[in-house]
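Worksheet: one structure, shown below.
Note that the structure is a prediction, hence the values are computed from the model and not measured.
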Amino acid sequence: MQTELAVDPIALHQELSMQEPIDIGSSTFMRFVIRLSERLDFDIPREDYPKLATLVGCCDYVKQLR
């Protein structure tokens with residue numbers, strides 16, 4: 001089951017936490033990390049989770065893997 005999030009794209013500042021403006025909980029963030037890991041075909045270590053908390057951090061993390 002997919003859940004759509006009602007998000008104002010303007011509220012997603014690149015350096016702000018994704019959890020606050022989108023109002024996602026830790027379980028939703030974990031699903032995001034799992035899906036990202038599956039998509040990248042790469043196990044994301046738990047210590048790297050904080051790097052994925054912002055849009056900039058997430059993009060930088062993915063760039064480093066390629």
Side-chain angles (χ1 to χ4, degrees):
M1 181 173 122
Q2 284 190 313
T3 304
E4 287 192 34
L5 299 173
V7 178
D8 177 6
I10 296 171
L12 291 176
H13 300 287
Q14 293 181 351
E15 295 163 3
L16 294 178
S17 168
M18 289 192 286
Q19 288 183 292
E20 291 174 22
I22 301 175
D23 192 29
I24 63 172
S26 57
S27 63
T28 303
F29 181 74
M30 285 302 301
R31 285 196 308 269
F32 166 74
V33 172
I34 291 167
R35 296 286 192 277
L36 181 63
S37 177
E38 291 170 349
R39 206 69 187 270
L40 297 173
D41 195 30
F42 176 80
D43 288 329
I44 300 172
R46 184 171 290 276
E47 60 267 12
D48 288 351
Y49 290 4
K51 297 176 184 176
L52 304 173
T54 65
L55 290 176
V56 166
C58 194
C59 291
D60 289 345
Y61 188 82
V62 171
K63 286 178 192 175
Q64 290 176 359
L65 295 177
R66 295 184 178 221

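- Taking each heavy atom of Leu52 and Phe29 in turn, the nearest pair found is O-CE1, 3.7 Å.
- Between atom OG of residue Ser26 and atom CZ of residue Arg31 there is a gap of 10.0 Å, rounded to the nearest 0.5 Å.
- Partners of Glu38 by side chain to side chain contact (heavy atoms under 4.5 Å, CB included), not counting sequence neighbours, listed by chain and number: Ile34, Arg35.
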Cut-off 3.5 Å, no hydrogens considered: what does the side-chain donor-acceptor table look like for residues 44-51, sequence neighbours left out?
from  : atom 1 : to    : atom 2 : distance (Å)
Asp48 : OD1    : Lys51 : NZ     : 3.3
Asp48 : OD2    : Tyr61 : OH     : 2.7

